[in-house]
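Everything numeric here is computed off the predicted structure, so don't read it as measured data. So you know, we letter chains A, B, ... as the sequences are listed, proteins then strands, and number each from 1.
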There are 2 protein chains.
Amino acid sequence: MSSSGAELKDITRTLRAQGRRVTPQRRLVLRLLQEQGGHLSADELYRLACQRRPRISLSTVYRALDVFEGLGLVRALHLEGEHHRYEIARDGEHHHMICLACGRVIEFECGHCAEMNRDLAERYGFDITGSRVQLLGYCTDCRARGEGRVH
Amino acid sequence: MSSSGAELKDITRTLRAQGRRVTPQRRLVLRLLQEQGGHLSADELYRLACQRRPRISLSTVYRALDVFEGLGLVRALHLEGEHHRYEIARDGEHHHMICLACGRVIEFECGHCAEMNRDLAERYGFDITGSRVQLLGYCTDCRARGEGRVH
DNA sequence: TTATATGCAAACAATTTGCATCCTG
DNA sequence: CAGGATGCAAATTGTTTGCATATAA
């Protein structure tokens with residue numbers, strides 16, 4: 001089975017449950033996000049969508065993403081500087097490492113984070129409902145190509 | 001001594017070393033950031049600056065922040081949704097907890113993060129040069145006022 | 001059949017830039 | 001006095017909105 005997110009059937013159900021409709025545009029946006037493995041910006045999604053459905057508009061892409069985010073089907077990533085990127089929401093929190101040379105985004109899960117949250121909740125009396133962790137650096141490939149900082 | 005960042009003398013030196021100039025506008029922006037304890041947006045800085053120097057322009061504020069960031073004197077925070085916020089750069093990495101009810105930003109240092117970085121560097125062959133951690137939740141005060149999620 | 005979605009164009013907000021003028025070094 | 005910095009207005013970029021029309025249920 002696909003690990004890249006909910007099936008069309010589930011999505012249809014989720015949308016309908018909220019009185020929203022399943023349209024070809026929405027299906028397309030979601031499919032692109034699944035096919036490309038996520039981390040796409042609204043504009044990238046729009047360009048890709050145009051290849052299969054030339055009359056789709058950028059605002060439709062934004063609106064679709066908005067609806068999906070509201071339903072918990074899609075997550076928006078707020079990466080440094082750039083515009084936002086979107087990915088299919090999956091179970092389990094994960095975070096991102098971003099390569100400063102090639103822009104690649106690598107996902108990781110992190111046990112330390114849970115520990116950190118507990119620790120901080122205690123230290124500051126904060127009730128932590130979510131966390132965003134971004135690590136900036138250089139990926140293996142780029143380092144092999146001589147990119148990155150000198151050690 | 002002030003723990004809120006470099007002294008004017010240091011700043012002057014840093015600027016001059018790069019052929020940049022020390023102007024009243026730049027001094028003002030930096031001072032406001034120090035006085036207010038940081039976490040201000042460009043626009044907030046602009047408004048505050050206007051009180052002391054009505055003819056200053058928003059673009060000057062942006063340009064000052066840009067120069068300071070380039071010199072490592074100021075850090076830009078990219079918080080969820082909102083516009084960017086800026087703070088005086090200090091030694092030692094710290095991160096931010098943001099209260100979803102009152103918007104307050106609380107800084108914290110975190111030993112787990114260093115550990116996490118080592119761990120991930122090893123697991124993925126990534127050379128991590130920096131990290132940004134944001135925890136979202138509800139601060140003690142807001143929880144006392146009944147804000148926040150139900151347990 | 002009827003409310004939700006779409007496409008398009010226009011509106012927005014945050015940030016950047018061009019340019020004549022000003023002022024620091 | 002020369003080149004960097006400023007103020008102002010106009011341009012850009014990413015995103016949102018209004019509205020008439022199209023379409024899913």
Side-chain angles (χ1 to χ4, degrees), chain A residues 8-9 11-32 39-71 73-86, chain B residues 8-9 11-30 32 39-71 73-74 76-86:
Chain A
L8 181 56
K9 215 171 264 184
I11 289 155
T12 302
R13 197 179 312 122
T14 310
L15 281 169
R16 297 240 172 96
Q18 309 295 316
R20 327 301 306 240
R21 291 174 183 177
V22 180
T23 64
Q25 290 88 335
R26 288 181 177 170
R27 252 188 258 121
L28 177 52
V29 168
L30 218 35
R31 183 143 60 95
L32 288 171
H39 308 146
L40 293 164
S41 69
D43 198 65
E44 285 167 343
L45 279 166
Y46 170 62
R47 284 173 213 277
L48 288 169
C50 280
Q51 292 172 16
R52 303 203 197 161
R53 176 172 268 270
R55 305 191 57 88
I56 195 173
S57 82
L58 181 54
S59 38
T60 297
V61 173
Y62 273 110
R63 284 189 274 226
L65 290 169
D66 216 49
V67 169
F68 293 149
E69 205 185 345
L71 296 176
L73 296 171
V74 160
R75 272 216 307 164
L77 311 177
H78 308 254
L79 306 184
E80 181 89 36
E82 327 173 41
H83 27 233
H84 298 162
R85 296 180 169 279
Y86 299 85
Chain B
L8 182 55
K9 216 172 261 182
I11 290 155
T12 303
R13 197 180 311 122
T14 310
L15 283 169
R16 297 239 173 95
Q18 310 293 318
R20 328 299 308 239
R21 292 174 182 177
V22 180
T23 65
Q25 289 88 334
R26 289 181 177 169
R27 249 186 260 124
L28 178 53
V29 168
L30 217 36
L32 287 171
H39 309 144
L40 293 165
S41 70
D43 198 65
E44 286 167 341
L45 278 166
Y46 170 63
R47 283 172 214 276
L48 288 169
C50 279
Q51 293 173 15
R52 303 202 197 163
R53 175 171 269 270
R55 304 193 56 88
I56 195 172
S57 83
L58 182 54
S59 38
T60 297
V61 173
Y62 274 111
R63 284 191 274 229
L65 290 170
D66 214 51
V67 168
F68 293 149
E69 205 184 348
L71 297 175
L73 295 172
V74 160
L77 311 178
H78 307 252
L79 307 185
E80 180 90 35
E82 326 174 41
H83 27 235
H84 298 161
R85 296 180 168 279
Y86 299 87

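One finds no side-chain N or O of B:Ser57 lying less than 4.0 angstrom from the OP1 or OP2 phosphate oxygen of D:dT6. Contact annotation: B:Gln25 side-chain N/O to D:dG7 OP1/OP2 distance is under 4.0 Å. In this structure, A:Tyr62 does not reach the D:dT16 phosphate: none of its side-chain N or O atoms is under 4.0 Å from OP1 or OP2.
Backbone-only contact: B:Arg55 has heavy atoms under 4.0 Å from sugar-phosphate atoms and none from a base. B:Ser41 comes within contact range of no nucleotide atom at all, as no heavy-atom separation falls under 4.0 Å. Contacts of A:Arg63 with the nucleic acid, taken as non-hydrogen atoms under 4.0 Å apart, include base atoms. Using a 4.0 Å heavy-atom cutoff across all strands shown, B:Ile56 reaches sugar-phosphate atoms only and no base atom.
The distance from the SG atom of A:Cys50 to the CG atom of A:Leu58 is 8.5 Å, given to the nearest 0.5 Å. Atom CG in A:Leu79 sits 6.5 Å away from atom CZ in A:Arg85 (nearest 0.5 Å). Between the CG atom in B:Leu30 and the CD atom in B:Gln25 there is a gap of 13.0 Å [rounded to 0.5 Å]. Atom CD of residue B:Gln51 and atom CG of residue B:Leu28 lie 10.0 Å apart, to the nearest 0.5 angstrom. Distance check: A:Thr60 OG1 to A:Asp66 CG gives 12.0 Å after rounding to the nearest 0.5 Å.
Within a 6.0 Å sphere centred on CZ of A:Arg47, other residues, nucleotides and ligands contribute 12 heavy atoms or fewer.
Taking all atoms of both residues into account, the shortest heavy-atom contact from A:Val29 to A:Phe68 is CG1-CE1, 4.2 Å.
Here the P atom of nucleotide D:dT6 and the CZ atom of B:Arg53 are 9 Å apart, to the nearest Å. A straight line from CG of B:Asp66 to C1' of D:dA5 spans 13 Å, rounded to a whole angstrom. Atom pair B:Arg27:CZ and D:dT6:P shows a separation of 11 Å (rounding to whole Å applied). Between A:Leu45 atom CG and D:dG14 atom C1' there is a gap of 14 Å when expressed in whole angstrom units. The distance between atom CG of A:Leu15 and atom C1' of D:dA24, rounded to the nearest whole Å, is 12 Å.
Below the 3.5 angstrom threshold, one finds no donor paired with an acceptor across the side chain of B:Arg20 and the base of D:dG4.
Side-chain proximity of A:Arg16 to D:dA5, D:dA25, D:dG7: nearest is D:dA25.
Taking every nucleotide of DNA chain C with any atom under 4.0 Å from a non-hydrogen atom of chain B, the first and last of them, 5' to 3', are C:dA14 to C:dG25.
If you find the closest nucleotide of DNA chain C to B:Leu58 and to B:Arg21, the one lying nearer the 5' end belongs to B:Leu58.
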